[in-house]
Amino acid sequence: MEHLIETWTILQTEMAKQVLIPQKRTDFQPNDLILTLDIQYEGDKAYIAGDVQRQNGTSEGIFLKQDVVTEAYVPQFFAFREGPLLKRFVESWMMHTGLKPDVVLIDGHGTAHPRQLGVACWLGVMMDLPTVGCAKDTLVRYEGTLAEAKESILPILNAKGDTIGHLLRTQQGVKPNFVSSGHRIHQMSAIDLVKNIGGKYRIPETLRRADMAARFFQKMEKSGLLIPHKLNIDGNDFKLLMLHSAFRGQNIVL
DNA sequence: GCGACAG
DNA sequence: ATCTTGTCGC
């Protein structure tokens with residue numbers, strides 16, 4: 001384990017050099033595709049959900065895929081556990097749909113990381129895709145106090161003084177989210193993305209949906225039940241699609 | 001030196 | 001993340 005961390009640390013430092021943060025803000029278009037990913041774990045099994053929504057709010061459904069976990073979770077090295085699973089999911093999704101995400105939103109950090117290489121950066125660099133990380137807790141220290149009002153932000157700086165992410169209060173009085181760009185996205189555009197997704201809760205709508213869908217998938221699989229073609233969340237139906245050539249004879253993509 | 005540490 | 005009951009509050 002000692003040696004593994006040493007290797008991973010070197011890898012992170014090398015990969016961090018490949019992370020590209022544009023100088024100008026990214027302007028999203030109304031029909032840009034947002035792919036939001038989340039994973040539920042149970043032993044070595046991973047239940048992955050990918051919510052697909054346009055910038056204008058149109059839902060393109062929620063995709064599900066099962067996979068196997070091979071790496072342990074080590075704080076600060078989360079990317080090496082979850083990254084490969086996310087990468088396989090996105091590759092599979094692109095192959096089955098023929099689409100390409102305009103931005104991938106991930107439950108975890110981007111550059112707001114001790115070596116500026118969170119899982120969102122890892123995926124962004126590995127697949128050369130724009131990515132954003134949104135986490136529930138911070139991994140790095142920050143200075144200052146975040147205002148109570150909804151949509152207040154507070155920058156997180158590294159030792160050099162670069163802004164590597166922000167705290168974002170998505171609702172008044174709730175704990176903030178920790179938002180940072182993963183790759184090819186300006187830090188303020190990462191904030192814009194999460195603000196635009198919005199929703200009624202602390203967790204941005206698409207992330208909350210991906211989380212619920214992954215939990216649902218896990219529960220159904222464990223019970224040996226068939227996956228329905230739609231899932232109702234907060235009173236709205238979302239189309240469910242399996243990213244498998246076959247999954248107990250279930251509805252296959254396309 | 002000690003503790004804390006995304007999911 | 002997961003293991004887990006009741007309970008407080010909108």
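Here the structure is a predicted model, which is why all the values come from computation and not from measurement. Protein chains get the first letters and strands the later ones, always in sequence-line order, with residue 1 at the start of each.
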Peer 1: Round to the nearest Å and state the distance from A:Q12 atom CD to B:dA6 atom P.
Peer 2: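 Computing the A:Q12:CD to B:dA6:P distance gives 14 Å.
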Peer 1: Students often get this wrong, so: under 4.0 angstrom with heavy atoms, is A:F80 touching a base, only sugar-phosphate, or nothing?
Peer 2: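 No contact.
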Peer 1: What N/O pairs connect the protein and nucleotides 5-10 of chain C at under 3.5 Å? Give each pair on its own line.
Peer 2:
none

Peer 1: Check the distance between C:dA1's P and A:K45's NZ and give it to me in whole angstrom.
Peer 2: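 After rounding, the reported distance stands at 20 Å.
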Peer 1: Could you grab the distance from atom CD of A:E60 to atom CG of A:L35, nearest 0.5 Å is fine?
Peer 2: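 It comes to 12.0 Å.
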Peer 1: Less than 4.0 Å between a side-chain N and a carboxylate O, is that true for A:D32 and A:R54?
Peer 2: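 No.
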Peer 1: Is the backbone of A:L168 close enough, under 3.5 Å, to the side chain of A:H166 for a donor and an acceptor to pair up by distance?
Peer 2: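 No, A:H166 side chain to A:L168 backbone: no donor-acceptor pair under 3.5 Å.
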Peer 1: Base, sugar-phosphate, or nothing for A:V74, non-hydrogen atoms under 4.0 angstrom?
Peer 2: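 Contact class for A:V74: none.
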Peer 1: For A:S152 and A:A149, indicate whether the former's side chain and the latter's backbone hold a donor-acceptor pair under 3.5 Å.
Peer 2: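 Confirmed, A:S152 side chain pairs with A:A149 backbone.
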Peer 1: Tell me the interatomic distance from A:L37, atom CG, to B:dG7, atom P, rounded to whole angstroms.
Peer 2: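 Whole-Å distance recorded here is 15 Å.
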Peer 1: For B:dA6, take OP1 and OP2 only and decide whether either is under 4.0 Å from a side-chain N or O of A:Y73.
Peer 2: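 It does, given that an N or O in the side chain of A:Y73 lies less than 4.0 Å from OP1 or OP2 of B:dA6.
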Peer 1: Expressed as a whole number of angstroms, how long is the span from A:L168:CG to B:dA6:C1'?
Peer 2: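 After rounding, the reported distance stands at 17 Å.
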Peer 1: For a quick check of understanding: with a heavy-atom distance under 4.0 Å over all strands, which category does A:F78 fall into, base, sugar-phosphate or nothing?
Peer 2: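 A:F78: base contact, heavy atoms under 4.0 Å.
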Peer 1: NA contact type, A:R141, heavy-atom cut-off 4.0 Å: base, sugar-phosphate, or nothing?
Peer 2: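 Nothing: the residue A:R141, judged by heavy atoms under 4.0 Å, touches no strand.
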Peer 1: For the residue pair A:R202 / A:Q171, report whether a side-chain donor-acceptor contact shorter than 3.5 Å exists.
Peer 2: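 Short answer, no.
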Peer 1: Relative to the ring of A:W93, is the ring of A:F63 parallel (under 30°), tilted (30 to 60°) or perpendicular (over 60°)?
Peer 2: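 It falls in the perpendicular class, over 60°.
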Peer 1: Could you check how far CZ of A:F178 sits from P of B:dC5, rounded to whole Å?
Peer 2: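 Going from A:F178 (CZ) to B:dC5 (P), I get 12 Å.
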Peer 1: With a 4.0 Å limit, can you tell me whether A:Q76 has a side-chain N or O closer than that to the phosphate oxygens OP1/OP2 of B:dG7?
Peer 2: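 False: A:Q76 side-chain N/O out of range (4.0 Å or more) of B:dG7 OP1/OP2.
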Peer 1: If you check every side-chain atom of A:Q40, which of C:dT2, B:dG7, B:dA6 has the closest atom?
Peer 2: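 Taking heavy atoms from C-beta onward, the closest nucleotide is C:dT2.
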Peer 1: Between atom CD in A:Q218 and atom P in C:dA1, what is the gap in whole Å?
Peer 2: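 One finds 11 Å between P of C:dA1 and CD of A:Q218, rounded.
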Peer 1: Please give, in whole Å, the distance from B:dA6 C1' to A:I39 CD1?
Peer 2: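 Taking CD1 of A:I39 and C1' of B:dA6, I get 13 Å after rounding.
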Peer 1: Using a cut-off of 4.0 Å on non-hydrogen atoms, how would the nucleic acid contact of A:E82 be classed: base, sugar-phosphate, or nothing?
Peer 2: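 Here A:E82 touches no strand at all.
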Peer 1: Cation-pi check, A:R208 to A:Y201: give yes when NZ or CZ is under 6.0 Å from the six-membered ring centre and within 45° of the ring axis, no otherwise.
Peer 2: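 Yes, a cation-pi geometry holds between A:R208 and A:Y201.
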Peer 1: Starting from C1' on C:dT2, measure out to NZ on A:K219 and report it in whole angstrom.
Peer 2: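 From A:K219 NZ to C:dT2 C1': 17 Å.
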Peer 1: Distance check, rounded to the nearest 0.5 Å: A:D38 atom CG versus A:D211 atom CG?
Peer 2: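 Output value for this atom pair is 4.5 Å.
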Peer 1: What nucleotide, of B:dC5, B:dG7, C:dT2, holds the atom closest to the side chain of A:R215?
Peer 2: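 In terms of side-chain proximity for A:R215, the closest of B:dC5, B:dG7, C:dT2 is C:dT2.
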Peer 1: So what does A:E71 touch, heavy atoms closer than 4.0 Å: a base, only the sugar-phosphate, or nothing?
Peer 2: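 No contact.
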